[in-house]
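Single-structure report; data block below.
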Amino acid sequence: MFKALLMTRLVSLRESIFGRAKKRAGSSTGKAALYALLTLLIVLSLFFSVGSMFFLIAKPLINMNLGWLVMSIAALMSVILCFFGSIFMTEKQLFEAKDNDLLLSMPIPPSYILASRMLLIVLSNIFLSIMILLPAFVVYCVYVPATAVKILFFIISTILISLFSSALTSACGWVVALVASRMRHKNLVGTILAIAFLFAYLYFYFNLQNNVAKLLANGAAFSTALSRVFPPAYIFGVAVANSSGISLAVLAAWGIFPFAIIYCFLSVSFIRITTTRLGEVKVRYKEKELKASSVRMALVKKELGRFFSLPMYILNCSLGAIMALVLAGALIVKKDIVLSAFAMSPGTGGSKIALIMCAALCFMAVMNDITAPSVSLEGKNMWFLKSVPVDAADIFFAKVAASLIVTVPLILLSSLIVGAVLGVSPLIGIFLVLTPLAAQVFVSLFGLALNLKLPRFDWLSEIEVIKQSASVMIALFGGIGVVAIPILAYIFIAGGVPAEIYFVICTAYFLLLASGTFAYLKRKGRALFNGF
Amino acid sequence: MLKIENLTKKYGARRAVDSLSLHIQPGEIYGFIGHNGAGKTTTIKSCCGILNFDEGEIFVDGVSIKSDPIGCKKKIAYIPDNPDLYDFLSGIKYLNFIADLYSIPKKEREERIRKYADIFGLTGDLGQLVGSYSHGMKQKLSIISALIHEPKLMLLDEPFVGLDPKAAHTLKGIMREVCDKGGAIFFSTHVLEVAEKLCDKIAIIKNGKLVVSGKTDEVRGDSSLEELFLELVEA
């Protein structure tokens, strides 16, 4: 019984990432190869990004005889990534899955349902942890030779630290579910919590970047503090670096006991939390004057209604717009620190700084992939859109427009602030605004086209399509790749081109891509939609 | 009002609906009966443009659903067998949204929402999120939303499921009212007593093929509809 439950979860996870088996069988080898290549590219770029950070700190720390601290920092980062990356997924998977009622009505012990879901969370956290721990371990092994025992200790420790992360996220997911179930404005509470977690994550990330030098200067003091404040990360580092059996046993205790305690605790309250609806106080409707809207506006309002009703949607798919605003705010408050974080001194030429900041804003713009899960999110409501007298073009318009309504004001404001703080010329100022906006228009169209090509309607929790679906992943990393091309071209080929001209080229590049995607949607979109 | 001609819909090699033809005249309530998986929902979904079909034609008030789907959908109201509505909207926002999509003037929409929400006893709940509604309440909301644009043709898939006896009675009255005004209703049901009493005509489908159709009294003959249905299905 438990195996069947777990298999159902795994199949659901696999299908949300790779699509349905039936569809895959029909797809060409070329497409499959392209998909595999893209996945490999995404994983490698993530590994490269994390690995390059560890290259900065590994050698000095190993020279200071604090090699284990490299792995401890990696463990700390992985726990934080798992925490912020999966807390809302945990809440949705454990307590708000759409099949809770069905499963609870069957002769299945609630503890089995919970266990199957918690194991899925463990698997997700192992995956997230590997994203940090593996590149860190590879970098560590560049300086300290890897042995079979060390590798074995690393694998076991990775699983144990992921267990610890899962216990932490499950406990916090429980708190979020409990708070939300007692609130009338459940979605508002969820959204505020989601944004608070996001800001906490950004604060941690920026501080980590800024404090690398301090960390290296005070390695010994930091290691002592870490062992006291966050023992699991400290023990992880010692277990891996020294292949210490005792440390591994202590880490096992840190991983297994909290997980077991949380599991026992949640299995007792599982039914109560999943069935509590205290916040839904019945308020009698009083007739009000209704506002009429055009078809397109009505569809846009519906899209916005869905977006703001799902904290996870906001957190995952408009992350870039929020980060852009944080960047602009940071630039106002601490200009010198922000510019140094982007490897620029305050005295560097204005147009070049503007180019670099524009690249950052473009990266943030393409992270706003609101349209990428928007078709899949129709789910069981798809019958509705297909039965009303609305053209597919209007539906597409609404999805793209809602995405732009959410993101454009934030990107625009951030660009204006960046331009004003940097004191750029009016011409560069205009392109500093236009280029990220063109990137945003492109990714909105691109996300929609991808989701029309790779939809998934049989999800049980929105998280399956918002976080784990192929269209979202390709939109996000494809978008980042699209922004990386002109940046790499500037670094390696076009460094001599005046900034003003390069701005024009970049804007034209994004507009061209957007036009191409728009043409594709116009040509194929309706047929794809009608085929659902 | 609804002309289905040689409709064929395949799922892979299987013919879910096989050369089905039916004509529904204005003023008629037409019942559609069949065993589970007979092809009722597929036929209804094809009629309202949700499903593409492989062969045949469907005309709504003389307009082809293939060549002018939007034009057809303006005349149709569809109620699915399972009311999966937008959970994140409140009842009133959902109804207003529907009115927007059918471009119903402000005054008319307010009057119709008031009228039907009162009839179905849903007015007090219109401020709640649809996600908090029971199955029956969602079904009522779905029915109200189908009536907002005064459709010429109503396509209903198991419309009585989940409704309380009073709401079911009210719906029957409304169905008759729609047809008396020149509209037509094509609906599927498993409740043979309802079909027997309510329908002017009925059609029985088995494994995607039309077995019998015509005026209820003529189709039934001397036996009850239940007896006839069992006889045809088990044959």
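Predicted, not measured: the structure shown is a model, and the values here were computed from it. Letters A, B, ... mirror the listed sequences (proteins, then strands); counts begin at 1.
Considering all non-hydrogen atoms of both residues, A/Leu290 and B/Asn96 come closest at CB-OD1, 3.6 Å. Nearest approach of B/Gly127 to A/Tyr285, heavy atoms of both residues: N-CB, 3.4 Å. Nearest approach of B/Asn52 to A/Asn530, heavy atoms of both residues: ND2-O, 3.0 Å.
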Can A/Val390 and B/Ile70 be said to form a side chain to side chain contact (heavy atoms under 4.5 Å, CB included), step by step?
-> CA-CA 6 Å; A/Val390 174; B/Ile70 305 274; 5.5 Å; no

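Only the side chain of A/Glu378 comes within less than 4.5 Å of a heavy atom in chain B; its backbone stays farther off. Neither the backbone nor the side chain of B/Ile76 comes within contact range of chain A; no heavy atoms are under 4.5 Å apart. Contacts between B/Leu95 and chain A at a heavy-atom distance below 4.5 Å are absent for every atom of the residue.
Ring centroids of B/Phe88 and A/Phe307 are separated by 6.0 Å or more, keeping the two rings apart.
Within 6.0 Å of NZ on A/Lys386 lie more than 12 heavy atoms contributed by other residues, nucleotides or ligands. More than 12 heavy atoms of other shown residues, nucleotides or ligands fall within 6.0 angstrom of atom NZ in B/Lys66. For B/His169, the NE2 atom is loosely surrounded, since the number of other residues' heavy atoms within 6.0 Å does not exceed 12.
Of the listed residues (B/Lys74, B/Lys75, B/Lys45, B/His149), the greatest number of heavy-atom pairs within a distance under 4.5 Å of chain A belongs to B/Lys74. Each of B/Pro80, B/Ala99, B/Cys72, B/Cys48 has some count of heavy-atom pairs under 4.5 Å with chain A, and the biggest count is that of B/Pro80. By number of non-hydrogen pairs under 4.5 angstrom with chain A, the leading residue of B/Ile113, B/Ile104, B/Leu85, B/Asn82 is B/Leu85.
A distance of 10.5 Å separates OH of B/Tyr94 from NZ of A/Lys302, quoted to the nearest 0.5 Å. With rounding to the nearest 0.5 Å, the separation of CD in A/Glu287 from CD in B/Glu110 is 6.5 Å. Distance check: A/Ser387 OG to B/Ile79 CD1 gives 10.5 Å after rounding to the nearest 0.5 Å. Summarising the geometry, atom CG belonging to B/Asp81 is positioned 10.0 Å from atom CH2 belonging to A/Trp383; distances are rounded to the nearest 0.5 Å. With rounding to the nearest 0.5 Å, the separation of CG in B/Leu89 from CZ in A/Arg306 is 9.0 Å. Atom-to-atom distance recorded for B/Leu126:CG and A/Lys288:NZ is 11.0 Å, nearest 0.5 angstrom.
No side-chain donor-acceptor contact under 3.5 Å links B/Lys73 to the backbone of A/Pro389.
For the pair B/Phe97/A/Lys301, no side-chain contact is recorded, criterion being any heavy-atom separation below 4.5 Å from C-beta on. Looking at B/Lys106 and A/Glu289, their side chains come closer than 4.5 Å, going by heavy atoms from C-beta outward. Residues A/Phe384 and B/Ile98 have side chains in contact (heavy-atom distance under 4.5 Å, counting atoms from C-beta outward). Side-chain contact between B/Asp100 and A/Ser294 is absent, with no heavy atoms from C-beta onward closer than 4.5 Å.
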